[in-house]
Amino acid sequence: MKNKIINFLKFLVFLSIGLTILYLVYRNQNIAYQEECLLRGIPEADCSLLKKVINDFKGVNYWWILTVLIAFTISNISRAVRWGMLLKPLGHPPRLVNTFFTTIIMYFANLGLPRVGEVVRAGALSRYERYAVEKVMGTIVVERIFDVISILIVSALAILLEYETIWSFFNENVNVEERTGGLGNLLLIAGGAGMGVLGLAYIFRKQLKKTKFFKKVITIARGFWEGLLTIRKLDQPWWFLFHSVNIWFMYFVMTYLCFFAFEPTAHLGPIVGLIVFVFGGWGVVIPSPGGMGTYHFLAQTALSMYGISGEDGFSWANISFFSIQLGCNISIGILALLLLPWLNKDYKPVSKGKVQETEDELQIAKSK
């Protein structure tokens with residue numbers, strides 16, 4: 001009961017953060033929208049940003065949204081296949097339906113508590129595939145390392161292609177010195193605290209080694225390390241690389257296709273799609289439920305570089321965000337929770353060692 005209360009409070013905290021950011025983005029944009037209406041001589045009663053967003057949703061071409069959801073599904077099939085390749089050295093290859101649905105459950109869980117989805121994903125797959133959960137977490141860390149490398153490469157490509165546009169925008173709108181003035185001091189304090197903790201752990205290392213907690217940590221760490229080492233045991237590394245590229249290519253495709261669903265963005269090209277994808281991607285990385293608020297702010301900011309008004313950028317960000325969250329993460333997430341127990345009702349995974357034992361038993365039986 002205590003853990004449930006703590007998790008619920010965490011959910012409320014992160015949800016509050018996401019909603020607060022979303023509200024601040026809406027409030028600032030609504031003020032700008034009201035000022036623009038005043039300049040145009042439009043009555044305040046006819047100038048509601050909320051009404052505009054609702055009307056924009058009504059005018060969306062949902063056939064294009066369907067293509068976005070298809071691209072989302074393809075990206076996660078690649079993610080499920082890639083994860084299966086990492087899991088195979090742990091004893092047996094997992095079923096694709098299990099890796100796919102547990103991946104969707106991860107996104108679904110992240111809507112409640114950011115970053116808890118990885119733990120839920122590892123626990124769910126361990127339950128159905130009979131892997132040690134710490135080893136599964138090791139493979140997820142490998143995945144995350146590749147994702148970090150991927151987003152850095154894509155971000156570098158975006159900056160390379162649109163350096164002048166991005167730099168001029170930040171020069172006009174962001175005071176870099178004010179924003180980063182205290183960052184050095186903050187990093188210095190954090191680094192000092194970290195070194196202090198490591199120093200104390202080293203001084204009292206003999207006492208720590210005798211504790212049950214330390215032994216438990218070592219056991220988990222070994223399993224975790226074994227999961228990390230699965231990257232060295234891949235049968236088809238180029239196939240792994242293909243799926244890694246396809247995951248992020250489909251993410252980009254989702255952003256670009258969503259442009260065509262909304263008339264004010266339908267004319268934008270693939271380069272703009274890349275920039276909005278990168279900005280929005282970093283918005284999702286920031287801990288808030290599914291990127292709520294942070295995604296809206298950064299996607300809207302990127303669109304403004306290319307002449308899309310703030311109110312249209314805000315509408316597009318909502319169309320993109322809620323189409324994916326409602327159309328895939330929530331709907332398929334609930335479906336996964338319902339189907340996984342049924343699909344695995346009679347499923348009993350067999351490790352390589354067990355297969356070999358069974359074959360040996362059959363050979364002995366035949367010889368008799």
Side-chain angles (χ1 to χ4, degrees), residues 1-8 10-11 14 76-148 208 211-235 240 243-244 247 287 329 332-355:
M1 180 60 73
K2 183 180 177 181
N3 288 336
K4 289 182 179 179
I5 293 173
I6 292 172
N7 287 334
F8 180 69
K10 287 180 180 178
F11 166 73
F14 285 111
N76 281 295
I77 290 173
S78 272
R79 184 174 288 282
V81 172
R82 186 182 72 169
W83 191 26
M85 295 175 72
L86 290 172
L87 291 161
K88 185 179 178 181
L90 297 182
H92 67 275
R95 297 204 299 177
L96 179 60
V97 68
N98 285 340
T99 53
F100 176 77
F101 275 140
T102 51
T103 297
I104 299 298
I105 287 174
M106 173 188 68
Y107 295 128
F108 185 49
N110 280 337
L111 292 174
L113 289 175
R115 302 297 171 260
V116 80
E118 282 82 356
V119 178
V120 173
R121 177 189 181 193
L125 192 77
S126 298
R127 176 184 176 187
Y128 296 118
E129 294 288 350
R130 306 294 191 271
Y131 296 125
V133 68
E134 63 270 13
K135 295 180 182 180
V136 177
M137 281 303 301
T139 64
I140 291 175
V141 170
V142 172
E143 273 210 311
R144 286 291 168 253
I145 290 170
F146 273 87
D147 286 339
V148 169
L208 285 173
T211 63
K212 290 182 179 180
F213 174 76
F214 181 82
K215 292 176 182 177
K216 180 66 174 176
V217 169
I218 291 298
T219 301
I220 293 173
R222 284 173 179 164
F224 187 77
W225 181 246
E226 188 174 336
L228 287 174
L229 290 178
T230 57
I231 190 66
R232 299 169 58 183
K233 302 175 183 177
L234 292 175
D235 293 333
F240 182 90
H243 284 294
S244 298
I247 290 166
N329 291 343
I332 302 180
I334 293 173
L335 186 66
L337 288 172
L338 294 173
L339 287 181
L340 273 173
W342 178 73
L343 290 170
N344 289 278
K345 183 174 58 175
D346 300 318
Y347 173 58
K348 294 180 180 179
V350 181
S351 66
K352 291 177 184 176
K354 292 290 183 183
V355 171

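Since this is a predicted model, take the numbers as computed values, not measurements.
The salt bridge (charged side-chain N to carboxylate O under 4.0 Å, His left out) search around R130 returns none, not counting sequence neighbours. Remark: R82 pairs with E143, D147 by the salt bridge (charged side-chain N to carboxylate O under 4.0 Å, His left out) rule, at least two apart or across chains.
Closest approach of V136 to S126, counting heavy atoms only: CG2-OG, 3.4 Å. Nearest heavy-atom pair across A336 and P341 is O-CD, 4.4 Å. Among all heavy-atom pairs drawn from A109 and V120, the shortest one is CB-CG2, 4.1 Å. Nearest heavy-atom pair across V119 and M137 is CA-SD, 4.2 Å.
Considering only heavy atoms from C-beta on, Y128 stays 4.5 Å or farther from L343 through its side chain. At a threshold of 4.5 Å between non-hydrogen side-chain atoms, the residues F146 and I247 do not count as touching. With a 4.5 Å cut-off on side-chain heavy atoms, T102 and W83 count as touching. Between R121 and T103, the closest side-chain pair of non-hydrogen atoms falls below 4.5 Å.
Interatomic distance, OG1 of T139 versus CG of L125, reported as 8.0 Å (0.5 Å rounding). Here E118 contributes atom CD and R144 contributes atom CZ; the two are 4.5 Å apart, rounded to the nearest 0.5 Å. Going from atom CG of L335 over to atom CD1 of I105 covers 10.0 Å, rounded to the nearest 0.5 Å. Between the CG atom in L87 and the CD1 atom in I140 there is a gap of 8.0 Å [rounded to 0.5 Å].
Ring geometry for Y131 against H92 counts as parallel: the plane angle stays under 30°, on a 0 to 90° scale with 60° as the upper cut.
Dense packing is recorded around CZ of R95, with more than 12 heavy atoms of other residues, nucleotides or ligands lying under 6.0 Å away.
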Item to complete: Would you sort out whether Y107 and I332 count as a side chain to side chain contact (heavy atoms under 4.5 Å, CB included), showing the intermediate values?
Response: CA-CA 10 Å; Y107 295 128; I332 302 180; over 6 Å; no
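Screening L337, L340, N76 against I104 for a side-chain contact (heavy atoms from CB on, under 4.5 Å) leaves a single residue, N76.
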